[in-house]
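Small disclaimer: the values here were computed from a predicted structure and weren't measured.
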Amino acid sequence: MTVEAMECVEIFNSAGKGRGLKATKEFWAGDVIFAETAYAAVVFDNLTHSVCHTCFKRQEKLQRCGQCKFAHYCDRTCQKDAWVNHKTECSAIKKLGKAPNENVRLAARITWRIEREGSGLTEGCLVSIDDLENHIDNFQEEEKNGLMDDVQSFLDYWPSQSQHYSMNYISHIFGVISCNGFTLSDQRGLQAVGVGIFPNLCLVNHDCWPNCTVIFNNGKIELRSLGKINKGDELSVSYIDFLNLTEDRQKQLKKQYYFDCTCEHCTKKIKDDLLLAVTEGDQKPADSLVKEVVQFSKDTMEKIDKARSEGLYHEVVKYCRECLKRQEPVLAETNIYKLRILSISSEVLSYLQMFEEAADNAKKMVDGYLKVYHPHNAQLGMAVMRAGVTHWHAGLIEVGHGMICKAYAILLITHGPSHPITKDLEAMRAQSEMELRMFQQNEFVYYKMREAALSNKPIQIMQEPNKEAQGTIFNKKH
């Protein structure tokens, strides 16, 4: 964080939340309140060969460190930039004979930096690693056992010639990672690829309906304003996806972050009525029927999760169709159980290139999302973008272009104009606008040209559906 950025925020004691950050000036939607580089960061264990260990970009061909054979880089520039953090790590990996897990690697990188620079405030930081919360006292038995395993792995990995730290201090570092490790995404923001510690970000408290969002862009996190923020207002982000019932969000926050959420949306259970809504008409569905359909939806979700984990996507489609047929006369378009099935269905159908059915489900999903999510929610923007692309692939250019424009407006605020995904979306917007003009001039010619283009160039396969949705901004280890 630059000196100018540090002057835009200040630490204060937030009622019932401990420390927090508040604005010292006025901000508007899309403003970057501050940007911050990681104090330390590592690539996830399963992506160490496909993601650069310096810039966290996914690349098909990476250069491997000739010494430890573990670290991978885009090129010599990234390798050179990494050396200050990798030098000691490289020797430790060679000595151990293998790289430890991501938690241990991150803890070691943090501790090596403390060894180099001291444990006090570093340049651009409002808080030191020592002063961050670790919540170890709140750990359950299983978490404590995992902590002890990580500490032992750390001690096996830590070089004998490096400075020695107490078990309590090492445990504190792991506790900080557990509570405050931020998920890093690839260059387009589509895949979680690593975890890092950003001390200033750790000071921003949670709100289910926040006034800020945080995005990883070009090697830094950016805290961006979602709307007008007055001088003196507390800054907040949402640690988890809003698309849950109040009770479920509170349980998740308590389990993962050890606090009881008392934000306005939780206190008043705002939006719960929409997320539990049933169809309206001459006769409201009986409570027993609603309960039956909700349970059927939950059971179907379990079957879908199993089928997705095994790559049985046609089975997933079958389960989704059955469930949507049962839900249609009972659950409203904003009902959470219906939205979840619509989301999975549209994603998997797109992957299988069944675009017309995918577009129909995506449209229903977006209509529901727009009534539930904050209008400047990043996940809403990404969902609208995917729905727009699906309609485009289906040849529904009018609706597709409209959705792409809507997504672009959202992502300009949540991601900013310089983010790669926003740039991609801008190109899509220009291309779909050109096709829309052609369609409006002569529909017959448009479809003939589209048919000829698709016959000469196979349509691009959609990305394989994610088996696990990324629902939190912090990388809580389970």
Side-chain angles (χ1 to χ4, degrees), residues 37-49 51-56 64-73 78-120 122 125 127-136 139 143-184 193-199 202 219 474-477:
T37 54
Y39 185 88
V42 296
V43 174
F44 284 147
D45 292 337
N46 62 331
L47 295 171
T48 55
H49 290 69
V51 173
C52 176
H53 289 217
T54 298
C55 67
F56 293 89
R64 186 175 67 171
C65 174
Q67 297 295 315
C68 66
K69 315 294 185 187
F70 171 75
H72 288 72
Y73 305 102
C78 279
Q79 186 170 13
K80 185 178 178 181
D81 291 344
W83 188 239
V84 67
N85 290 313
H86 181 57
K87 183 179 179 181
T88 315
E89 176 186 68
C90 187
S91 300
I93 291 173
K94 282 196 297 180
K95 185 174 181 181
L96 187 65
K98 62 178 182 178
N101 70 45
E102 64 211 31
N103 256 30
V104 174
R105 288 188 286 117
L106 181 54
R109 283 199 164 202
I110 291 170
T111 313
W112 277 317
R113 182 163 177 181
I114 290 171
E115 183 181 38
R116 291 194 308 269
E117 301 177 5
S119 59
T122 56
C125 285
V127 63
S128 69
I129 297 293
D130 287 4
D131 289 333
L132 291 175
E133 294 283 351
N134 61 50
H135 289 293
I136 291 173
F139 278 20
E143 291 174 300
K144 289 179 180 177
N145 291 335
L147 172 64
M148 288 300 100
D149 289 342
D150 279 343
V151 169
Q152 185 56 56
S153 297
F154 178 94
L155 294 173
D156 293 339
Y157 178 57
W158 190 250
S160 56
Q161 69 271 23
S162 291
Q163 183 177 335
H164 286 264
Y165 295 88
S166 68
M167 292 278 283
N168 283 342
Y169 193 75
I170 298 168
S171 297
H172 167 75
I173 299 294
F174 278 108
V176 167
I177 292 170
S178 177
C179 303
N180 299 288
F182 178 80
T183 303
L184 307 180
V193 296
V195 57
I197 291 292
F198 298 82
C202 296
F474 288 104
N475 182 63
K476 175 69 177 177
K477 184 182 177 184

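With Trp158 contributing its side chain and Gln163 its backbone, the two residues share a donor-acceptor pair below 3.5 Å. In this structure a side-chain-to-backbone donor-acceptor pair under 3.5 Å is present from Asn180 to Val176. Distance alone, capped at 3.5 Å, is enough to place a donor-acceptor pair between the Ser171 side chain and the Met167 backbone.
No side-chain heavy atom of Val43 sits under 4.5 Å from any side-chain heavy atom of Glu102. Side-chain contact between Asn101 and Tyr157 is absent, with no heavy atoms from C-beta onward closer than 4.5 Å. At a threshold of 4.5 Å between non-hydrogen side-chain atoms, the residues Ile114 and Tyr39 count as touching. Counting heavy atoms from C-beta on, the side chains of Leu155 and Ile170 come closer than 4.5 Å. With contacts defined as side-chain heavy-atom distances shorter than 4.5 Å, the pair Val195/Phe182 does not qualify. With contacts defined as side-chain heavy-atom distances shorter than 4.5 Å, the pair Ile129/Ser119 does not qualify.
Taking CZ from Phe70 and SG from Cys65, the interatomic distance works out to 10.5 Å, rounded to the nearest 0.5 Å. In this structure, CG in Leu96 is found 12.0 Å from SG in Cys68, a value given to the nearest 0.5 Å. The line from CD1 of Ile173 to OG1 of Thr111 is 4.5 Å long, rounded to the nearest 0.5 Å. Atom CG of residue Asp81 and atom SG of residue Cys52 lie 9.0 Å apart, to the nearest 0.5 angstrom. Between Asn85 atom CG and Arg113 atom CZ the span is 7.5 Å, to the nearest 0.5 Å. A distance of 11.5 Å separates CG of Asp131 from SG of Cys125, quoted to the nearest 0.5 Å.
Aromatic ring pairs are classed by plane angle as parallel below 30°, tilted from 30° to 60° and perpendicular above 60°; the pair Tyr169 and Tyr165 is parallel. Aromatic ring orientation, His49 versus His72: tilted (interplanar angle from 30° to 60°).
Pairing each heavy atom of Pro159 with each of Thr88, the nearest pair is CG-CG2, 4.3 Å. The two residues Phe139 and Gly175 come nearest to each other via the heavy atoms CZ-CA, 4.3 Å. The minimum heavy-atom distance between Ile110 and Ala40, with the atom names listed, is CG1-CB, 3.7 Å. Shown here for Tyr73 and Ala82, the closest heavy-atom pair between the two residues is CE2-CB, 3.4 Å. Summarising the geometry of Glu117 relative to Thr122, their closest heavy-atom pair is OE1-CG2, 3.3 Å, with the distance given to 0.1 Å.
Applying the salt bridge (charged side-chain N to carboxylate O under 4.0 Å, His left out) criterion to Asp45, with sequence neighbours excluded, gives Arg105. Partners of Glu115 under the salt bridge (charged side-chain N to carboxylate O under 4.0 Å, His left out) rule, at least two apart in sequence or in another chain, do not exist in this structure.
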Query raised in the report: Should His135 and Cys179 be marked as a side chain to side chain contact (heavy atoms under 4.5 Å, CB included) after you check the CA-CA gap, both sets of side-chain angles, and the distance that decides it?
Result: CA-CA 7 Å; His135 289 293; Cys179 303; 3.6 Å; yes
Query raised in the report: When you look at Thr54 and His86, which way does the side chain to side chain contact (heavy atoms under 4.5 Å, CB included) test go after all the steps?
Result: CA-CA 10 Å; Thr54 298; His86 181 57; over 6 Å; no
Report task. Decide side chain to side chain donor-acceptor pair (under 3.5 Å) for Ser153 and Asp150; before the verdict, give the C-alpha distance in whole Å, the side-chain angles of both, and the deciding distance to 0.1 Å. Result -> CA-CA 5 Å; Ser153 297; Asp150 279 343; 5.2 Å; no
Query raised in the report: Would Phe174 and Asn134 count as a side chain to side chain contact (heavy atoms under 4.5 Å, CB included) if you check the C-alpha gap in whole Å, the side-chain angles of each, and the deciding distance to 0.1 Å?
Result: CA-CA 8 Å; Phe174 278 108; Asn134 61 50; over 6 Å; no
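Few gaps surround CE on Met148; more than 12 heavy atoms of other groups in view lie less than 6.0 Å from it.
For residues 86-100, the pairs satisfying salt bridge (Lys or Arg N to Asp or Glu O under 4.0 Å) are Glu89-Arg109, with sequence neighbours left out.
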